[in-house]
Structures are given as C-alpha cells and as structure tokens.
Amino acid sequence: MKYTQLGRTGLKVSRLVLGTMNFGPQTDEATSHTIMDAALDAGINFFDTANVYGWGENKGRTEEIIGNWFAQGGERRDKVVLATKMYANMAASDDAWPNHDRLSALNIRRAVDASLKRLRTDYIDVYQFHHVDRNTPFEEIWQAIDVLVQQGKILYVGSSNFPGYKIAQANEIAARRGGTIGLVSEQCLYNLAERRAEMEVIPAAQEYGLGVIPWSPLHGGLLGGVIKKEVEGGRRASGRAADTLANASSRAQIQAYEDLLEKHGLEPGEVALAWLLTRPGVTGPIVGPRTAEQLVSAVRAVELELGEELLAGLDEVFPGPGPSPEAFAW
C-alpha cells in the first residue's frame with residue numbers, strides 16, 4: 001500500500017479509503033469484519049463511514065458494526081484513521097424533531113456523542129459535515145468544533161458535498177477566528193464519468209490544502225465493466241447505472257471506455273481507481289466492497305501505472321470540463 005498526507009495535515013493515510021456504506025444493508029456483520037481485517041492486512045488504514053449508514057430504521061447500524069470490530073482488540077482502533085459524517089436526521093422517519101439534524105452547535109454535540117457510543121471509541125480522527133447547512137453560520141460551527149477538539153473527541157474536520165465557495169468561506173472564517181485549523185478534507189463525487197468537481201471544488205480544495213476523497217469512483221458500477229458483465233450474463237446494472245445505459249449516447253461512451261481498456265488488457269474498475277490516483281489533489285478514492293474479493297481488485301489499482309497514451313485515450317472518451325474559469329467564461 002502507498003500512503004500520503006491528508007491535505008495539509010501531518011496525518012498519513014492510505015491511497016485507498018475503505019468505504020463502509022454497504023456494511024449492514026448489503027453485507028452482514030461477519031463479512032464486514034472480514035473485509036475490515038483484509039483491509040488492514042492490505043495496508044489500508046483510512047476507514048470512512050457516516051452516522052446515517054444502515055439507512056431507514058437501521059440508521060447507525062454501520063457504525064455499530066465497526067464499533068463491534070474495534071472491540072475485538074488486536075490494535076484495530078489504533079491502526080485505523082477513522083472518519084465519520086453527520087448532518088441528516090437520525091430518526092427512522094423523515095421528520096426530524098427540531099435541532100436533531102443539520103449543523104447547529106447543539107446537533108453537532110449530540111451527533112458526536114452518539115457516534116462515539118456506536119463506534120465504541122473515545123475519539124474520531126476526521127469528523128465530516130455530510131452536507132452544507134445554509135442556515136447555520138460557520139462561526140457557530142467552528143465554536144462547537146473547538147470545544148470538541150479541546151475535549152479530545154475529534155481531531156480533524158472535513159466536508160462532504162461542499163461547493164467550492166463554501167470550502168473557501170469555511171476556511172476563511174476559521175482563519176479569522178484563529179486557533180482553528182479549518183477543513184482538512186473534502187469528500188466529493190468525482191470519477192472519470194463525472195468530472196464537474198474539477199471546475200471549482202478541487203481547485204478550492206487545493207488552494208486551501210484539503211485532501212480530496214472521491215466517492216463513487218466507479219460511478220455506481222458504470223466504470224466497472226458493466227456492459228461486459230451484462231454480455232457475459234453477470235450482474236446487471238441497476239439504479240443510476242441502468243438509467244445511464246438506457247441512453248444510447250451514454251451507452252456508446254461506456255462501450256468506448258471498455259473497448260479502450262480491452263485493447264490495453266486492463267480491468268475497467270481498476271483503471272477507474274488508478275486514474276483518480278493520478279489526479280492532482282486526490283488523497284485516495286473511497287472503495288466500498290461488498291466482498292473481500294472486491295477489495296483485492298481495488299488494492300491492485302494502487303500499483304497500476306497508466307501510460308500517457310492510455311491517459312490521453314481516457315480523456316478522449318471522458319473529456320473534463322477544462323480549467324476554471326476559462327471552461328465556462330469563454
């Protein structure tokens with residue numbers, strides 16, 4: 001495994017991030033524990049979760065599965081850089097009682113304590129805001145975070161799904177307050193098929209020293225050889241991937257991608273991950289294996305070297321938006 005610093009911090013993390021969203025809803029607890037053990041064995045030390053994972057009436061279940069794994073000992077907790085997220089309502093229904101969601105100081109305090117209990121740990125390495133809160137000023141947010149840092153409950157703070165201007169606003173206010181390091185990471189949707197983050201989010205993250213942690217690196221399975229799997233009678237596309245393939249031009253684009261990689265004798269999913277590792281500002285993509293076998297494939301991507309010819313071919317199939325502001329200004 002290869003490692004890098006998380007943004008401008010001294011924290012060293014693996015170039016792959018273990019995503020745990022499937023733990024509980026799709027992967028049972030025993031298999032989830034096996035995957036986490038395999039991740040550590042492969043050198044992956046950066047684990048990502050969220051308080052809402054488990055979904056519906058099972059919100060919080062994923063954090064509980066991780067907490068039970070930590071409780072097995074063997075220095076599991078000490079070896080892991082643990083990241084979780086908060087923002088959404090944690091009730092089983094969609095109706096939140098006042099102050100039980102978003103980023104008020106009250107809900108931040110409540111959410112941290114609840115996550116610590118489920119995770120069976122006394123601190124969180126990277127505490128992430130799952131969404132922007134347009135109604136809570138960053139002065140209030142940073143005051144709440146300062147208290148939690150002083151209490152030793154969290155070490156660093158990151159954002160998720162923030163636009164570039166909110167990254168700038170958050171860190172400028174943190175700098176003016178003094179004593180607050182501000183955001184150190186941004187977790188965003190970014191992959192070969194979805195490159196809009198290159199317009200504003202990634203430049204803002206680089207300017208302010210945030211490590212970029214892309215989620216959905218295979219774009220819902222679209223970049224994992226989905227057409228080939230269909231032809232071979234394997235797992236059919238569903239959700240976002242199925243909707244995309246229903247569009248003739250989008251299907252042709254994915255087919256061109258798979259044809260390019262077949263020409264080079266490479267696996268689509270591994271190339272999609274390896275491409276992200278070549279991108280400026282990217283700390284590491286989040287991989288969410290449902291099985292230990294899927295994790296093995298993801299780990300191979302870290303050692304995969306992509307040549308200039310292949311990178312140029314990928315840009316032809318999935319052209320990026322270009323530099324900002326030129327891409328939209330003229």
Do the side chain of [X] and the main chain of [Y] share a donor and acceptor less than 3.5 angstrom apart?
X      : Y      : answer
Asp125 : Leu82  : yes
Glu186 : Gly211 : no
Asn45  : Ser14  : yes
Arg15  : Thr283 : yes
Tyr257 : Val317 : no
Asn58  : Arg61  : no
Ser160 : Gln187 : yes
Ser324 : Met199 : yes
Glu258 : Ile227 : yes
Asn191 : Ser216 : yes

Heavy atoms only: give me the nearest [X]-[Y] pair and the separation to one decimal.
X      : Y      : result
Ala272 : Leu218 : CB-CD2, 3.6 Å
Asn135 : Asp133 : N-OD1, 2.9 Å
Gly24  : Ser32  : N-OG, 4.3 Å
Pro203 : Ala197 : CD-O, 3.8 Å
Ala241 : Gly220 : CB-O, 3.4 Å
Asn51  : Ala111 : ND2-CB, 4.3 Å

Assigning hydrophobic clusters by single linkage (Ile, Leu, Val, Met, Phe, Trp, Tyr; side-chain heavy-atom cutoff under 4.5 Å), is [X] placed with [Y]?
X      : Y      : answer
Val287 : Val13  : no
Leu314 : Leu266 : yes
Leu183 : Ile141 : yes
Leu260 : Leu245 : yes
Leu103 : Ile124 : yes

Hey, could you give me the [atom1]/[atom2] distance between [X] and [Y], rounded to the nearest 0.5 Å?
X      : Y      : atom1 : atom2 : value
Thr34  : Leu295 : OG1   : CG    : 11.5 Å
Leu261 : Lys263 : CG    : NZ    : 11.0 Å
Thr4   : Leu11  : OG1   : CG    : 10.5 Å
Tyr87  : Ile108 : OH    : CD1   : 11.5 Å
Glu64  : Ser115 : CD    : OG    : 10.5 Å
Ile286 : Leu18  : CD1   : CG    : 9.5 Å

When you look at Ser250 and Leu222, which way does the side chain to side chain contact (heavy atoms under 4.5 Å, CB included) test go after all the steps? CA-CA 10 Å; Ser250 297; Leu222 275 173; over 6 Å; no
Kindly indicate, with the supporting measurements, whether the criterion side-chain hydrogen bond (donor to acceptor under 3.5 Å, both in side chains) is fulfilled by Gln72 and Asn68. CA-CA 7 Å; Gln72 295 178 21; Asn68 293 339; over 6 Å; no
Taking the basic N atoms (NZ, or NE/NH1/NH2) and the acidic carboxylate oxygens, is any pair closer than 4.0 Å for Arg77 and Asp122?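 Asp122 and Arg77: not salt-bridged.
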For the pair Glu63 and Lys117, find out whether any cationic side-chain nitrogen is under 4.0 Å from an anionic carboxylate oxygen.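 A salt bridge is absent here (no side-chain N lies under 4.0 Å from a carboxylate O).
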Given Val282, Leu276, Leu16, the one that forms side chain to side chain contact (heavy atoms under 4.5 Å, CB included) with Pro217: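 For Pro217, the side chain to side chain contact (heavy atoms under 4.5 Å, CB included) test succeeds with only one of Val282, Leu276, Leu16, which is Leu276.
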Quick check: are there more than 12 heavy atoms from other residues, nucleotides or ligands sitting under 6.0 Å from [atom1] of [X]?
X      : atom1 : result
Arg196 : CZ    : no
Gln5   : CD    : yes
Glu207 : CD    : no
Lys12  : NZ    : no
Glu326 : CD    : yes

Taking the side chain as every heavy atom from C-beta outward, state whether [X] and [Y] have any pair of such atoms under 4.5 Å apart.
X      : Y      : value
Thr20  : Thr27  : no
Phe318 : Ile254 : yes
Trp275 : Leu311 : yes
Arg290 : Ile35  : no
Arg76  : Asp37  : yes
Tyr127 : Met86  : yes
Ile65  : Met36  : yes
Thr31  : Thr291 : no

Side-chain donor-acceptor pair under 3.5 Å between Asn107 and Ser104, yes or no?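 Distance-only check fails for Asn107 and Ser104.
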For ring-ring contact (aromatic ring centres under 6.0 Å, His included), just list the numbers for Trp69 and Phe23, CA-CA rounded to whole Å, side-chain angles, deciding distance to a tenth of an Å, and then say yes or no. CA-CA 12 Å; Trp69 180 74; Phe23 294 176; 9.3 Å; no
Set out, in order, the CA-CA distance, both residues' side-chain angles and the distance that settles side chain to side chain contact (heavy atoms under 4.5 Å, CB included) for Leu40 and Val80, then state yes or no. CA-CA 8 Å; Leu40 277 190; Val80 168; 4.1 Å; yes
Kindly assign one of parallel, tilted or perpendicular to the pair His130 and Tyr53, based on the angle between their ring planes and the thresholds 30° and 60°.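 Geometry flag for Tyr53 against His130: perpendicular rings.
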Residues Gln143, Glu139; criterion side chain to side chain contact (heavy atoms under 4.5 Å, CB included); working and verdict: CA-CA 6 Å; Gln143 183 177 25; Glu139 288 85 355; over 6 Å; no
Ignoring hydrogens and angles, write down the donor-acceptor pairs under 3.5 Å from the side chains of residues 296-304, residues two or more places apart or on other chains.
from   : atom 1 : to     : atom 2 : distance (Å)
Ser297 : OG     : Glu270 : OE2    : 3.1
Arg300 : NE     : Glu270 : OE2    : 2.9
Arg300 : NH2    : Glu270 : OE2    : 2.7

For side chain to side chain contact (heavy atoms under 4.5 Å, CB included), just list the numbers for Arg118 and Thr62, CA-CA rounded to whole Å, side-chain angles, deciding distance to a tenth of an Å, and then say yes or no. CA-CA 9 Å; Arg118 287 188 293 265; Thr62 302; over 6 Å; no
Sequence neighbours excluded, every pair satisfying salt bridge (Lys or Arg N to Asp or Glu O under 4.0 Å) that has a member inside residues 162-183: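 Every pair satisfying salt bridge (Lys or Arg N to Asp or Glu O under 4.0 Å) with a residue in residues 162-183: Asp146-Arg177.
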By the definition side-chain hydrogen bond (donor to acceptor under 3.5 Å, both in side chains), identify the one residue from His219, Arg195, Glu198 that meets it with Tyr190.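 The side-chain hydrogen bond (donor to acceptor under 3.5 Å, both in side chains) with Tyr190 is passed solely by Glu198 among His219, Arg195, Glu198.
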